[in-house]
Student: 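I have a structure I would like to understand better, so I am pasting it below and will then ask my questions one at a time.
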Number of protein chains: 2
Amino acid sequence: MPYDPSAFPPFAVTVDLVVLTVRRHALCALAVRRGEAPFQGRWALPGGFVRADEDLTQAAARELAEETGLLAHDPDAPAQDNGAHLEQLATYGDPGRDPRMRVVSVAHLALAPDLPAPRAGGDASNARWAPVEELLQQGGYGRDGEPVAPLAFDHARILADGVERARSKIEYSSLATAFCPTEFTVGELRRVYEAVWGVALDPRNFHRKVTGTPGFLVPTGGTTTRQGGRPAQLFRAGGATLLNPPMLRPEV
Amino acid sequence: MPYDPSAFPPFAVTVDLVVLTVRRHALCALAVRRGEAPFQGRWALPGGFVRADEDLTQAAARELAEETGLLAHDPDAPAQDNGAHLEQLATYGDPGRDPRMRVVSVAHLALAPDLPAPRAGGDASNARWAPVEELLQQGGYGRDGEPVAPLAFDHARILADGVERARSKIEYSSLATAFCPTEFTVGELRRVYEAVWGVALDPRNFHRKVTGTPGFLVPTGGTTTRQGGRPAQLFRAGGATLLNPPMLRPEV
DNA sequence: GTGTTTATCGTCAGGAAGACGACTATGATC
DNA sequence: GATCATAGTCGTCTTCCTGACGATAAACAC
């Protein structure tokens, strides 16, 4: 491998973000409207250039903070504060994925609890939380009957990969708690699983599973009735990051 | 996200390869000796620049072919031919990971059956299969008593990530068959698991598990005694790529 | 033949999960 | 205030899977 610094093609490197949250029982992703060509006016994933002195993770955390105000915390640290989970997803570098120049995008996956309305540089109309199914359907019609344009660039593929990563990772890790506020009930955690997987889970078996896994949930002592019905115990995420044996995703 | 093509810092983009195989009951990785500074004379992972008209996967497949002669096949296709499994691993882009310039490396993971001696541009002394434990130990001594220098750049980290990916992925997928030739026995497959995980598995329970999983193994009708002992049935990898329920890795 | 090696089949106990009954403690409705 | 709807929590039972391990089979070495 001769390594000639004068003989490499220059690339632009960006980070794109798949920011997921659960709103109204649906898995939603953050989308921003593009202000310039190409794909002007179309929805896209938030992202931007990596700066010259910046690590890839730093760039992703900076973009996340700019778009949502969320602070990222290290994926290896337990989700104690109310920051978002952030991890690298994959890298997309097809020549021609950006018509202007050769751009390699290092996509990152961020998981956040339900948030107030997003802000994209202060302009709310240019950023929104959209159900991932709406963003991924090709040329259909949204809930409001308006035609849905596919996401810009290859962002539909990136979003699909991020959603699949989240769906599989909550099986064997405690990552689902990243969608919950600091204190949450077993039922709220179950509704996260149901929204991400799009299935219904048995509340009794789910309760047995999560409370029976050592280190997964820590009771805080409090209770809440914010979901109606009988008061539920409040928990925090425990130190355990791996779920063994995993939570089984029902097939079909 | 203002997107000004004149205002992005230029990056060099490379692919680095973690090529794993199983030799003599040990998980081994392909290492090449560096001919130039920095890290001249040190061992490193094979890799090279992504060309201007090349996809990232194409670049990785090209490097793999140059180093080993192996043809990569699509990760989504079943491992039918005797090509190698190739998938993207992760991307490493710390400023300063290469002292000369800003390099972002998209690491790929390749799994291959046991091969003849490697060739690095025709020079055998500059490429070798080394047990991953030997490559990952920091400043220890190899089997021959010579001091072991750590891998160049951040390649130890990349290799460790690749090994961890392989270790976890053979749990829930049929990826272990990528380490085997086209036809193999249950015992040979078990020795792959034992080498990758570094544990001993019960031959009877392993046999029950792999032969009882529908679509995992397809008997070819033949038998072999190449391992000694009673003749063993020969199998090919079946179409199933996911193992459900997964193969459980013994703890400790 | 005897011993060794590897492959393969069987048995049994323990653990986890799916299905589901039963009970509890709230707020909402009449 | 009684009743109802809602959500949470505890148990039970059956089934499946795994880990431990005995037993048999078919080759080779001597």
Side-chain angles (χ1 to χ4, degrees), chain A residues 24-25 170-172 180 183-195 197 199-236 240 242-252, chain B residues 24-25 170-172 180 183-195 197 199-236 240 242-252:
Chain A
R24 289 185 259 107
H25 286 224
I170 65 173
E171 288 187 51
Y172 57 89
C180 293
E183 294 201 346
F184 54 89
T185 70
V186 173
E188 290 164 348
L189 183 62
R190 175 170 48 81
R191 281 180 278 276
V192 165
Y193 275 92
E194 292 179 333
W197 284 344
V199 297
L201 299 176
D202 185 291
R204 299 158 290 192
N205 293 336
F206 184 86
H207 188 277
R208 177 183 60 191
K209 174 71 178 171
V210 296
T211 58
T213 300
F216 188 17
L217 297 182
V218 183
T220 66
T223 62
T224 183
T225 64
R226 60 183 171 224
Q227 299 290 342
R230 170 176 165 180
Q233 244 186 308
L234 283 169
F235 295 87
R236 279 184 300 103
L242 251 49
L243 230 50
N244 201 345
M247 179 92 55
L248 295 181
R249 168 160 36 161
E251 40 220 286
V252 180
Chain B
R24 289 185 260 106
H25 286 224
I170 64 174
E171 288 187 49
Y172 57 89
C180 295
E183 294 201 345
F184 54 90
T185 69
V186 173
E188 289 165 349
L189 184 62
R190 175 170 48 82
R191 279 180 277 277
V192 165
Y193 275 91
E194 291 178 334
W197 284 344
V199 297
L201 299 176
D202 185 291
R204 298 157 290 192
N205 294 335
F206 183 87
H207 188 277
R208 177 182 59 192
K209 174 72 178 171
V210 295
T211 57
T213 301
F216 189 18
L217 297 183
V218 183
T220 66
T223 61
T224 183
T225 63
R226 59 184 171 224
Q227 298 291 339
R230 170 177 166 180
Q233 244 185 307
L234 283 169
F235 295 87
R236 279 185 299 103
L242 250 50
L243 229 51
N244 201 346
M247 179 92 56
L248 295 180
R249 167 158 42 160
E251 42 220 287
V252 180

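Residue numbers start from 1 in every chain, and the chains themselves are labelled A, B, ... in the order their sequence lines are given, proteins ahead of strands.
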Student: Give the rounded distance in Å between these two atoms: CD of Q233(B) and P of dC9(C).
Tutor: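 After rounding, the gap between these two atoms is 8 Å.
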Student: Return the value, rounded to whole Å, for the distance between atom CG of L248(A) and atom P of dT18(D).
Tutor: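 Rounding to the nearest Å, CG of L248(A) and P of dT18(D) are 11 Å apart.
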Student: Near DNA chain C, counting only heavy atoms under 4.0 Å, which residues of residues 201-218 of chain B show up?
Tutor: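 Correct list: R204(B), H207(B), R208(B).
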Student: Would you name the heavy atoms of W197(A) and L248(A) that are closest together and state the gap between them?
Tutor: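 Closest heavy-atom pair between W197(A) and L248(A): CZ3-O, 3.9 Å.
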Student: Whole Å only: how far is the CZ atom of R249(A) from the P atom of dA17(C)?
Tutor: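 Rounding to the nearest Å, CZ of R249(A) and P of dA17(C) are 16 Å apart.
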Student: Take atom CG of L189(B) and atom P of dT6(C), then tell me their distance rounded to the nearest Å.
Tutor: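 Rounding to the nearest Å, CG of L189(B) and P of dT6(C) are 17 Å apart.
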Student: Considering non-hydrogen atoms only, spot the tightest contact between R226(B) and E183(B) and give its length.
Tutor: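 Distance-wise, the nearest heavy atoms are NH2-O, 3.1 Å.
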Student: Do any N or O atoms from the side chain of E194(B) and from the backbone of H25(B) form a donor-acceptor pair under 3.5 angstrom?
Tutor: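 Not a single qualifying donor-acceptor pair exists.
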Student: Less than 4.5 Å apart, side chain to side chain, heavy atoms only: is that true for V186(A) and L217(A)?
Tutor: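 Yes, side chains in contact.
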Student: Using whole Å, report how far CD of E194(B) lies from P of dT6(C).
Tutor: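 One finds 11 Å between P of dT6(C) and CD of E194(B), rounded.
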Student: For nucleotides 25-30 of chain D, print each protein N/O atom paired with a nucleotide N/O atom at under 3.5 Å, atom names and distance only.
Tutor:
| from | atom 1 | to | atom 2 | distance (Å) |
| --- | --- | --- | --- | --- |
| dA25(D) | O4' | R230(B) | NH1 | 3.4 |
| dA25(D) | N3 | R230(B) | NH1 | 3.4 |

Student: Select base, sugar-phosphate, or nothing to describe what R226(A) touches, counting heavy atoms under 4.0 Å on all strands.
Tutor: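 Touches nothing.
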Student: How do P245(B) and G187(A) order along DNA chain D: which one's closest nucleotide is nearer the 5' end?
Tutor: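 Between the two, 5'-proximity favours G187(A).
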Student: Drop me the distance from F206(B)'s CZ to L189(B)'s CG, to the nearest 0.5 angstrom.
Tutor: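 If I round to the nearest 0.5 Å, the distance is 4.0 Å.
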Student: What's the CG-P distance between N244(B) and dG18(C), to the nearest Å?
Tutor: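 So the two atoms are 11 Å apart, to the nearest Å.
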Student: Both A232(A) and M247(B) contact DNA chain D. Taking the nearest nucleotide for each, which residue is further toward the 5' end?
Tutor: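 Looking at the nearest nucleotide for each, A232(A) comes out on the 5' side.
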